[in-house]
Amino acid sequence: MTKRFYVTTPIYYVNGAPHIGHAYTSIAADVLARWKRLDGFDVFFLTGTDEHGQKVEKAAAAAGLDPQTFTDQVSADFKDMAEKMGLSNDDFIRTTEPRHKAACAELWRRIAANGHIYLGHYEGFYAIRDEAFYDEAELTTRPDGTKVAPSGAPVEWVREPSYFFDLSKWQDRLLNFYEEHPDFIAPNSRRNEVVSFVRGGLNDLSISRTTFNWGIPVPDAPGHVMYVWLDALTNYVTATGWPDPNASRAEFWPADIHLIGKDIVRFHAVYWPAFLMAAGLPVPARVSSNGWWTVEGEKMSKSLGNVVEPRTLAATYGLDQVRYFFMREKPFGADGSMSDPALVTRINTELANGIGNLAQRSLSLIARNCEGKLPRRGAETPEDAALLEAANALPGIVRDKMDRQVFHEALEEVWKVVRAGDGYIDRQAPWALKKTDAARMADVLRVLVDTIRPIATVLQPFMPGSMGKLLDQLGVPPEVRDIAGLAIPLVDGAALPPPAGVFPRYVET
Ligand code: ME8
């Protein structure tokens, strides 16, 4: 039976250029998608852009462009960012595409047909920056008397005819769902927030707008466009070819995981399952949210001029180095601060001096002392066996960490083996064995290759380019670079290409 895995990123608003926050969630999703492919799954990895709503309409007006021209441009920039960050997405969805408009209309019809939509009048607060409705009790009043949302976004008073979704009736079903699916929301702190929000009672949700028109028309309701979050969330089903049951990706629904930022948990963990249940569709297995990146402890903002552009960062430090840093520096669910010195430290201590150095030392000894040929596997000492055992345990350990999105712990486990490899090479001193016991030297070098191979294999999702080069140097054929391939031993005596460092030290110029 095919093991399928469907992973998504948020679809990003096209109101401005991509920054490292967007790149971060996307890289995490890419690491997971690559890992699952490596582990034998048939993967569907989706990213894309969220193009409707008032926020985007306002940004287009500010740029002096009509919304379609504007969104075409900004969406192309996000697509370019995805490519430059090495994303292996299988599709890139835009909410202005016909396939998406059709799916939204159908989802609306099904929810309506099941009796969950009614026409009314909305009167209340709305934050364009968050594209969210707020109760007065959620707002705080600034010293100047203006009210702001919990996110700090300004709010305005809105009065308009609107269709409503009967969210208030979903409280018990949602609470039961969370109880029956304890892994639905990660991390746990976010789960607790969601559960207490839902326990506090839910209001019916306004799901159409009538005061502007940059949105998907509500079926058979002239003047109404869909609330941008209903439109946006639907992207995840659109991309599976829904509602066509014969679409090639139909089997991927429900999604296995939505990776999102902590700012949009309520939409994904409350509204989305309620919409899906109301339409009679299955609910995704998990919503895993990441914490916030600041830059040197400061919130990124245009006014502070500290917005970090991910493509520039990758061009300066190397793409794999940047991907590694993001996955290693902080737990996925927690907040963290990025800075150039922190990045340089990770590059130099863990990549250049860590895995890079271990590989370079081992491979250059083979090049010099074994005619560049892979030594055959000899008799194992207890020390050899201990190191190999630790290395061979990595796939199982990493699998468990990936399934819980504790990427930094997966890397920490890999690094324990790198450090064990360093200790091993220092103690065994194969360079000294050359004169005293050449056979043992060859055994030691082979143990090192067989240790570095699983390390490089499980690191491929994080650093695909560099680990590909390292596996080339270890002589691992492309068809056995996945987890299953680790069971196939390397061929004794195979000629290895001349070693070349994969991770240069970063030196400030
Ligand atoms: O919310 N640190 O789009 P958006 C970490 N269109 N992650 C960050 C970040 C930061 N400083 N800043 C942004 C939307 N992100 C909606 C989503 S989905 C159906 C619709 C990431 O362009 C994080 O994943 O505002 C966050 O949730 C997302 O970018 C928000 O992107």
Side-chain angles (χ1 to χ4, degrees), residues 7-30 32 46-56 59 71 74-75 77-78 81-82 85 93-96 100 103-104 107 127-132 149 151-153 186 190 215-216 226-239 255 257-273 275-276 284 287-302 304 306-310 313 325-327 329-338 405 407:
V7 50
T8 66
T9 74
I11 49 169
Y12 303 106
Y13 284 128
V14 290
N15 62 312
H19 59 63
I20 53 155
H22 308 121
Y24 175 65
T25 313
S26 289
I27 291 170
D30 184 61
L32 200 52
L46 178 70
T47 188
T49 44
D50 186 356
E51 308 190 6
H52 292 124
Q54 252 179 314
K55 166 154 145 165
V56 170
T71 56
V74 185
S75 178
D77 200 27
F78 271 89
M81 187 270 282
M85 301 320 285
I93 190 163
R94 299 186 55 190
T95 54
T96 46
H100 180 64
C104 284
L107 193 79
I128 297 180
R129 205 169 85 194
D130 300 345
E131 295 283 17
S151 61
R190 295 272 110 74
I216 297 181
M226 288 184 202
Y227 171 40
V228 66
W229 269 102
L230 174 57
D231 158 352
L233 289 160
T234 305
N235 91 87
Y236 303 130
V237 285
T238 305
I257 189 164
H258 295 313
L259 294 190
I260 59 165
K262 65 177 183 177
D263 54 328
I264 55 176
V265 172
R266 189 183 293 184
F267 302 96
H268 284 80
V270 182
Y271 302 166
W272 186 222
F275 292 153
L276 288 166
V287 172
S288 187
S289 75
N290 63 250
W292 232 231
W293 281 101
T294 55
V295 175
E296 288 163 9
E298 298 267 10
K299 196 175 163 180
M300 265 185 291
S301 82
K302 276 191 201 147
L304 285 175
N306 64 348
V307 178
V308 180
E309 211 293 318
L313 203 63
F325 173 81
F326 280 127
M327 294 297 102
E329 186 72 4
K330 71 167 186 72
F332 182 65
D335 294 341
S337 169
M338 73 149 302
Q405 297 83 55
F407 305 106

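Every number for a ligand or one of its atoms is a count from 1 in the order of the listing. This chain uses plain numbering: 1 for the first residue, then up along the sequence.
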task = Would you please name every residue forming a salt bridge (Lys or Arg N to Asp or Glu O under 4.0 Å) with Glu329, sequence neighbours left out?
result = Arg346
inquiry  = Centre-to-centre under 6.0 Å for His19 and Tyr12, is that the case here?
reply    = no
remark   = Test side-chain contact (heavy atoms from CB on, under 4.5 Å), reference Leu230, set Tyr271, Phe275, Phe267, output is Phe275
remark   = Only residue of Lys262, Lys299, Lys330 satisfying salt bridge (charged side-chain N to carboxylate O under 4.0 Å, His left out) with Asp335 is Lys262
message = Residue by residue, ordered by chain and number, which ones reach under 4.0 Å of ligand 1 with a heavy atom?
response = Pro10, Ile11, Tyr12, Tyr13, His19, Gly21, His22, Thr25, Asp50, Trp229, Ala232, Leu233, Asn235, Tyr236, Ile260, Gly261, Asp263, Ile264, His268, Asn290, Gly291, Trp292, Trp293, Met300
query = Any donor and acceptor pair, going by atom type alone, linking the side chain of Glu296 with main-chain N or O of Ser337 inside 3.5 Å?
reply = no
Shortest non-hydrogen contact from His22 toward Ala17 = CE1-O, 4.1 Å
